[in-house]
2 protein chains.
Amino acid sequence: MSDTSPKRLGKIPSIRRLPRYLKCLEEYDRQGREIISSTEFSKDLKWLPIVVKKDLQIVSPPTKKRTGYDVKGTIKAIERFLAWENPMPTILIGVGHFGMALLRYGKFKGVDFLASFDSDPAKEGLSVGGVSVLPMSGLEGFVRTHAVEIAVLTTPGDCAQAITDDLVRWGVKAIWNFTSKRLSVPDGVFVQREDLSAGLAELTAKIKHIQGVEETSL
Amino acid sequence: MSDTSPKRLGKIPSIRRLPRYLKCLEEYDRQGREIISSTEFSKDLKWLPIVVKKDLQIVSPPTKKRTGYDVKGTIKAIERFLAWENPMPTILIGVGHFGMALLRYGKFKGVDFLASFDSDPAKEGLSVGGVSVLPMSGLEGFVRTHAVEIAVLTTPGDCAQAITDDLVRWGVKAIWNFTSKRLSVPDGVFVQREDLSAGLAELTAKIKHIQGVEETSL
DNA sequence: TAGATTGTTAATCGATTAACAATC
DNA sequence: TAGATTGTTAATCGATTAACAATC
């Protein structure tokens, strides 16, 4: 318990790659494949075989059999590692276009959207992607009674911190933050911030630097 | 020209942090601040001062004056580095909820949304966030005549590769890919893939590993 | 001059990649 | 046995961090 260092988790880059393995493996499973070798797997994913081997080692204990990976078993192992076997009780706050898009997408493993909340009375009672929209006044009660673990924040930035403070007080363990604001939370609570402008920066910088490489020469 | 190695660009992690510097600097500018030191800057961003110093060095040439960073000048330098000074001609394809959310957000620097496209005739003629929705039949002509550089893909995954192939043929230089599919493009074209499930994986893995650290002990 | 600040150089840390032994 | 495959160990590479000199 005392060595709950932030490092014990494993390699973040590998963890972020796991969903792609999962998707690919599910495709193999659909095709009826039972065994997949790291070499063929790596070709499909366009990653190096060694990357595949290393990444898969963090989800399943090394085995002595050296005859490819079991498709179904590896799917299970990844889901277990990510805690996606039993989707966590999740709510979404802020049913704007972005929030709606997430609710309708509906294919996120690992989260179980129990309800969504919005301050606009006009949205009350709507059902988006099979998830009903409730008024903010019901938030505290809902979070407490359903032991909500993850809250997806798709509100305007202004109210993000205030809502976060409430959520944390009521027991939410993690916030998936799609607002433009950085959130402060106590230890033991996680914020996963998705920042689209980071991706855009990467994109435009690459375009520019591949084209005119006319650096400031002075 | 011959050393157009993929490395020449600079450090990707730094580049991805630049938009946050920019946002913070704009706030300073609004407050009338003209100079900001890396120490104070780093406190606001909650990054180490050395990170700030190193990152800022990639956008502006080192100077001998050691008396803080010029707010306005640094804003300009970042925008210049990211090629955000002259927003690039951009279109969005697939005006679903997600596409609409992006169009309405409207605060992306660096891209200039000229139009959006959708295969649904019912959406034709709509204006979303000030951007009109056009039919797919007009795509080729539009891309060619407006010299579109960036295409934002928010279509279903199935048609993503086919549309990409067309776009590339018509001269698009970069694709901001929000579909669930990996895209193949020729050299010289960039794909920036935004994969939300990667973030979700990171989040749930962190929750699990901070709580019960009941690893498979065998 | 003294204090604060940036820029530079070096050290550390972690992720990726390579090489090869162990195993089927 | 031969070929293919994984697991392990080591090497490389890059990013982060630390220490300090140069400068205002």
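So that the names make sense, note that chain A is the first sequence line, chain B the second, and so on, each numbered from 1.
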Query - D:dT5 OP1/OP2 closer than 4.0 Å to side-chain N/O of A:Ser38 - result: no
Distance-only donor-acceptor pairs under 3.5 Å for side chains of residues 61-70 of chain A, two or more places apart:
from: A:Thr63; atom 1: OG1; to: A:Lys65; atom 2: N; distance (Å): 3.1
from: A:Asp70; atom 1: OD2; to: A:Gly73; atom 2: N; distance (Å): 2.6

Quick one: side chains of residues 87-106 of chain B, donor-acceptor pairs under 3.5 Å with protein atoms, not counting sequence neighbours, listed by atom name and distance.
from: B:Thr90; atom 1: OG1; to: B:Met88; atom 2: O; distance (Å): 2.7
from: B:His97; atom 1: NE2; to: A:Arg104; atom 2: NE; distance (Å): 3.2
from: B:Arg104; atom 1: NE; to: A:His97; atom 2: NE2; distance (Å): 3.3

Query - B:Ile58 CD1 to C:dT8 C1', straight-line distance once rounded to whole Å - result: 17 Å
Contacts table for residues 167-185 of chain B: side-chain donor-acceptor under 3.5 angstrom, sequence neighbours left out:
from: B:Arg169; atom 1: NH1; to: B:Asp166; atom 2: OD1; distance (Å): 3.2
from: B:Arg169; atom 1: NH2; to: B:Asp166; atom 2: OD1; distance (Å): 3.2
from: B:Trp170; atom 1: NE1; to: B:Glu140; atom 2: OE2; distance (Å): 3.4
from: B:Trp176; atom 1: NE1; to: B:Glu194; atom 2: OE2; distance (Å): 2.9
from: B:Asn177; atom 1: OD1; to: B:Thr179; atom 2: N; distance (Å): 2.9
from: B:Asn177; atom 1: OD1; to: B:Thr179; atom 2: OG1; distance (Å): 2.7
from: B:Asn177; atom 1: ND2; to: B:Lys181; atom 2: O; distance (Å): 2.8
from: B:Thr179; atom 1: OG1; to: B:Lys181; atom 2: N; distance (Å): 3.2
from: B:Ser184; atom 1: OG; to: A:Lys46; atom 2: NZ; distance (Å): 3.2

Query - Over 12 foreign heavy atoms within 6.0 Å of CD, A:Glu34 - result: no
I'd like a list of close polar pairs between nucleotides 16-19 of chain D and the protein, N/O only, cut-off under 3.5 Å.
from: D:dT16; atom 1: OP1; to: B:Arg17; atom 2: NH1; distance (Å): 3.3
from: D:dT16; atom 1: OP2; to: B:Arg17; atom 2: NH2; distance (Å): 3.3

Requested in this report: Check salt bridge (charged side-chain N to carboxylate O under 4.0 Å, His left out) between A:Lys72 and all other residues, then give those that pass, not counting sequence neighbours.
Outcome: A:Asp29
Requested in this report: State whether the side chain of A:Lys208 and the backbone N or O of B:Arg80 hold a donor-acceptor pair below 3.5 Å, judged by distance alone.
Outcome: yes
Report task. Name all residues meeting the salt bridge (charged side-chain N to carboxylate O under 4.0 Å, His left out) criterion together with B:Asp195; count only those two or more places apart in sequence or in a different chain, and write none if there are none. Result -> A:Arg20
Requested in this report: Can you sort out the partners of A:Lys206 under salt bridge (charged side-chain N to carboxylate O under 4.0 Å, His left out), two or more places apart, ordered by chain and number?
Outcome: A:Glu202
**Report entry** Option among A:Phe81, A:Phe190, A:Trp84 that satisfies the side-chain contact (heavy atoms from CB on, under 4.5 Å) test with B:Thr204
**Finding:** A:Trp84
**Report entry** CA sep, side-chain torsions, deciding dist, call: A:Ser38, A:Leu56, side chain to side chain contact (heavy atoms under 4.5 Å, CB included)
**Finding:** CA-CA 9 Å; A:Ser38 63; A:Leu56 292 184; 6.0 Å; no
Requested in this report: Check DNA chain C against residues 64-73 of chain B and give the residues with a non-hydrogen atom under 4.0 Å, in numerical order.
Outcome: B:Arg66, B:Gly68, B:Tyr69
**Report entry** Those residues that, when tested against A:Glu40, pass salt bridge (charged side-chain N to carboxylate O under 4.0 Å, His left out) (two or more places apart)
**Finding:** A:Arg33
**Report entry** Separation of atom CD1 in B:Ile12 from atom P in C:dA15, rounded to whole Å
**Finding:** 17 Å
Requested in this report: Give every residue pair that meets the ring-ring contact (aromatic ring centres under 6.0 Å, His included) criterion with at least one member in residues 38-67 of chain A, sequence neighbours excluded.
Outcome: A:Tyr21-A:Phe41, A:Tyr21-A:Trp47, A:Tyr28-A:Phe41
**Report entry** 5'-to-3' dot-bracket of DNA chain C (Watson-Crick, G-U; under 3.5 angstrom; crossing pairs as [ ]; | other strand)
**Finding:** ..||||||||||||||||||||||
**Report entry** Positions of residues 24-35 of chain A (non-hydrogen atom under 4.0 Å from DNA chain C), listed by number
**Finding:** none
Query raised in the report: When rounded to the nearest 0.5 angstrom, what distance separates CG in B:Leu22 from OG in A:Ser197?
Result: 9.0 Å
